[in-house]
Student: 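Below you will find the structure I want to go over with you.
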Amino acid sequence: MWRRMTLRPILIHPDPRLKTVATHVDGITDDIRRQADDMLETMYDAPGIGLAAPQIGVLNRMMVMDCVKDESAAPRPMVLINPEVIWSSDEQSIYEEGCLSIPEQYAEVERPAEVKVRWLGLDGKPVEEQFSGLWATCVQHEIDHLNGKLFIDYLKPLKRQMITRKMQKLKRERARI
Ligand code: K1U
Ligand code: ZN
């Protein structure tokens with residue numbers, strides 16, 4: 001079925017909605033399907049490899065991602081509803097993360113190298129998959145968003161404060177235009 005997709009504005013840190021624990025999605029409705037389409041469209045347009053619902057100001061537990069890097073490979077758009085990490089590897093990996101809500105700021109974050117995640121698909125059925133590499137980093141970054149946590153929360157307070165001040169300045173500049 002053909003559905004109209006809408007680009008949704010992405011919230012910039014600091015914003016209280018990015019610090020809020022998102023609520024469980026109770027069922028797959030037309031609104032949820034529309035939100036999934038909009039989130040994928042918004043993520044690809046940004047461009048980004050992931051996006052969580054709170055980043056567009058919707059406080060429910062929904063995220064999208066596509067970490068296929070090779071432009072000649074087929075895309076793999078994924079929609080994860082109520083995702084939860086059900087296993088994490090002891091092995092850790094460090095990746096330089098970015099965030100669409102904290103533009104042009106990057107920092108190394110250490111996380112489990114592999115995670116197994118359970119979620120609900122758009123067909124209402126439960127899915128489980130083990131992720132590694134960039135997919136593992138991205139899915140953990142997005143689940144953090146659903147819990148009101150940003151990648152800068154892993155950094156030392158001084159560095160986090162510096163980034164927050166830059167974002168406050170960016171928001172003031174954008175508001176003036
Ligand atoms: O959640 C978000 O803010 C999206 C974020 C996801 C992410 C990036 C890096 C590590 C962990 C999670 C982004 O997509 S930032 C943009 C980005 O990484 C990218 C943009 C274009 C091409 C490739 C990557
Ligand atoms: Zn982010």
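The first residue of the sequence shown is numbered 1, and numbering continues consecutively from there.
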Student: Any side-chain heavy atom of M167 within less than 4.5 Å of one from I102?
Tutor: yes
Student: Quick check against the 3.5 Å criterion: does S88 have a side-chain atom that pairs as donor or acceptor with the backbone of P112?
Tutor: no
Student: Among residues at least two apart in sequence or on other chains, which ones pass side chain to side chain contact (heavy atoms under 4.5 Å, CB included) with A136?
Tutor: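 Partners of A136 by the side chain to side chain contact (heavy atoms under 4.5 Å, CB included) criterion, ordered by chain and then number, come out as V115, F131, Q140.
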Student: Is there a side-chain contact between V64 and L80, using heavy atoms and a 4.5 Å cut-off?
Tutor: no
Student: Looking at side-chain heavy atoms only, is the closest gap between Q55 and C99 below 4.5 Å?
Tutor: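 SC-SC contact between Q55 and C99 confirmed.
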Student: Within the 4.5 Å heavy-atom criterion, are M63 and P83 side-chain neighbours or not?
Tutor: yes
Student: Is a side-chain donor-acceptor pair under 3.5 Å present for D26 with H24?
Tutor: yes
Student: Is F151 linked to L170 within one hydrophobic cluster, defined over Ile, Leu, Val, Met, Phe, Trp and Tyr using a side-chain heavy-atom separation of less than 4.5 Å?
Tutor: yes
Student: Taking the side chain as every heavy atom from C-beta outward, state whether E41 and T6 have any pair of such atoms under 4.5 Å apart.
Tutor: no
Student: Going through the checks in order, is the side-chain hydrogen bond (donor to acceptor under 3.5 Å, both in side chains) test met by S72 and D70?
Tutor: CA-CA 5 Å; S72 62; D70 180 355; 2.7 Å; yes
Student: Tell me whether the guanidinium CZ or amine NZ of K149 lies under 6.0 angstrom from the six-membered ring centre of Y154 and within 45° of its axis.
Tutor: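 Ring-cation test returns yes.
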Student: Between R33 and D38, is the salt bridge (Lys or Arg N to Asp or Glu O under 4.0 Å) condition met? List the steps.
Tutor: CA-CA 9 Å; R33 279 186 279 270; D38 290 355; over 6 Å; no
Student: Indicate yes or no for a side-chain donor-acceptor contact from E97 to the backbone of V109 under 3.5 Å, with no hydrogens or angles considered.
Tutor: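 Such a contact is absent between E97 side chain and V109 backbone.
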Student: Taking the cut-offs as 6.0 angstrom to the six-membered ring centre and 45 degrees off its axis, would you call R61 and W119 a cation-pi pair?
Tutor: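 Not flagged: R61 not positioned over aromatic ring of W119.
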Student: For the side-chain contact (heavy atoms from CB on, under 4.5 Å) test, which of L11, I56, I49, I10 pairs with L100?
Tutor: I10
Student: Please find the pair of heavy atoms, one from G98 and one from H141, that lie closest to each other, and give the distance.
Tutor: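 Here G98 and H141 meet closest at O-CE1, 3.1 Å.
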Student: Can you list the steps and then say if L122 with I32 is a side chain to side chain contact (heavy atoms under 4.5 Å, CB included)?
Tutor: CA-CA 8 Å; L122 272 179; I32 290 293; 4.2 Å; yes
Student: To the nearest 0.5 Å, tell me how far M78 CE sits from M65 CE.
Tutor: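 One finds 5.0 Å between CE of M78 and CE of M65.
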Student: Kindly compute the distance separating CD (Q105) from CG (L150), expressed to the nearest 0.5 Å.
Tutor: 13.0 Å
Student: Please round to the nearest 0.5 Å and tell me the distance separating atom CZ of R160 and atom CG of L158.
Tutor: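 So the CZ of R160 and the CG of L158 are separated by 10.0 Å.
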Student: Are I81 and I143 in one and the same hydrophobic cluster, where Ile, Leu, Val, Met, Phe, Trp and Tyr link if side-chain heavy atoms are under 4.5 Å apart?
Tutor: no
Student: Closer than 4.0 angstrom, basic N to acidic O: yes or no for D144 and R111?
Tutor: yes
Student: Taking it one step at a time, do V139 and V85 satisfy side chain to side chain contact (heavy atoms under 4.5 Å, CB included)?
Tutor: CA-CA 9 Å; V139 75; V85 174; 5.9 Å; no
Student: To check you understand the geometry: which heavy-atom pair defines the closest contact between P54 and A22, and what is its length?
Tutor: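 Nearest pair, atom of P54 first, then A22: CG-CB, 4.2 Å.
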Student: Would you say that R8 contacts V58 through its side chain, given a criterion of any heavy-atom pair below 4.5 Å between the two side chains?
Tutor: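 Yes, side chains in contact.
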Student: What's the verdict on side-chain hydrogen bond (donor to acceptor under 3.5 Å, both in side chains) for N147 and H145, showing C-alpha distance, side-chain angles and the deciding distance?
Tutor: CA-CA 5 Å; N147 293 323; H145 273 302; over 6 Å; no
Student: Is the CG atom of D123 crowded by more than 12 outside heavy atoms at less than 6.0 Å?
Tutor: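 Counting other residues, nucleotides and ligands, CG of D123 exceeds 12 neighbours.
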Student: Nearest 0.5 Å please: distance from the NZ atom of K156 over to the NZ atom of K159.
Tutor: 10.5 Å
Student: Donor-acceptor pair, T23 side chain versus L59 backbone, under 3.5 Å?
Tutor: yes
Student: When clusters are formed by joining ILVMFWY residues with side-chain heavy atoms under 4.5 Å apart, either directly or through shared neighbours, do V117 and L120 land in the same one?
Tutor: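 Result: no, two separate clusters.
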Student: Minimum heavy-atom separation for E96 to Y106, with atom names?
Tutor: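 Between these two residues, the closest heavy atoms are CG-CB, 3.8 Å.
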Student: Would you mind reporting whether Y44 and P75 have side-chain heavy atoms less than 4.5 Å apart?
Tutor: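 Side-chain contact under 4.5 Å: yes.
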Student: In terms of hydrophobic clustering (I, L, V, M, F, W, Y; side-chain heavy atoms under 4.5 Å; direct or indirect links), are I28 and L40 co-clustered?
Tutor: yes
Student: Ignoring hydrogens, what is the shortest heavy-atom contact between R174 and P103? Give both atom names and the distance.
Tutor: NH2-CG, 4.2 Å
Student: Does a side-chain heavy-atom distance below 4.5 Å link N60 with L146?
Tutor: no
Student: Would T164 and I152 count as a side chain to side chain contact (heavy atoms under 4.5 Å, CB included) here? Give the steps.
Tutor: CA-CA 9 Å; T164 299; I152 55 169; 4.0 Å; yes
Student: I'd like to know whether M43 forms a side chain to side chain contact (heavy atoms under 4.5 Å, CB included) with D66, so could you lay out the CA-CA distance, the side-chain angles of the two residues, the decisive distance to 0.1 Å, and finally the verdict.
Tutor: CA-CA 9 Å; M43 177 191 77; D66 183 349; 3.8 Å; yes
Student: How far apart are the closest heavy atoms of G148 and D153, and which atoms are they?
Tutor: O-OD2, 4.3 Å
Student: Could you give me the CA-CA distance, side-chain angles and deciding distance for K116 and E128, then say whether salt bridge (Lys or Arg N to Asp or Glu O under 4.0 Å) is met?
Tutor: CA-CA 7 Å; K116 193 168 183 180; E128 279 182 19; 3.7 Å; yes
Student: Using a strict cut-off of less than 4.0 Å between a Lys/Arg side-chain nitrogen and an Asp/Glu carboxylate oxygen, indicate whether R34 and D31 qualify as a salt bridge.
Tutor: yes
Student: Would you call R76 and E129 a salt bridge, using N to O less than 4.0 angstrom?
Tutor: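 A salt bridge links R76 with E129.
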Student: Please check if the side chain of S89 supplies one atom and the backbone of E91 the other of a donor-acceptor pair under 3.5 Å.
Tutor: yes
Student: Drop me the distance from L7's CG to M39's CE, to the nearest 0.5 angstrom.
Tutor: 13.0 Å
Student: To check you understand the geometry: which heavy-atom pair defines the closest contact between E114 and S132, and what is its length?
Tutor: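 Answer, listing the atom of E114 first, then S132: CG-CB, 3.7 Å.
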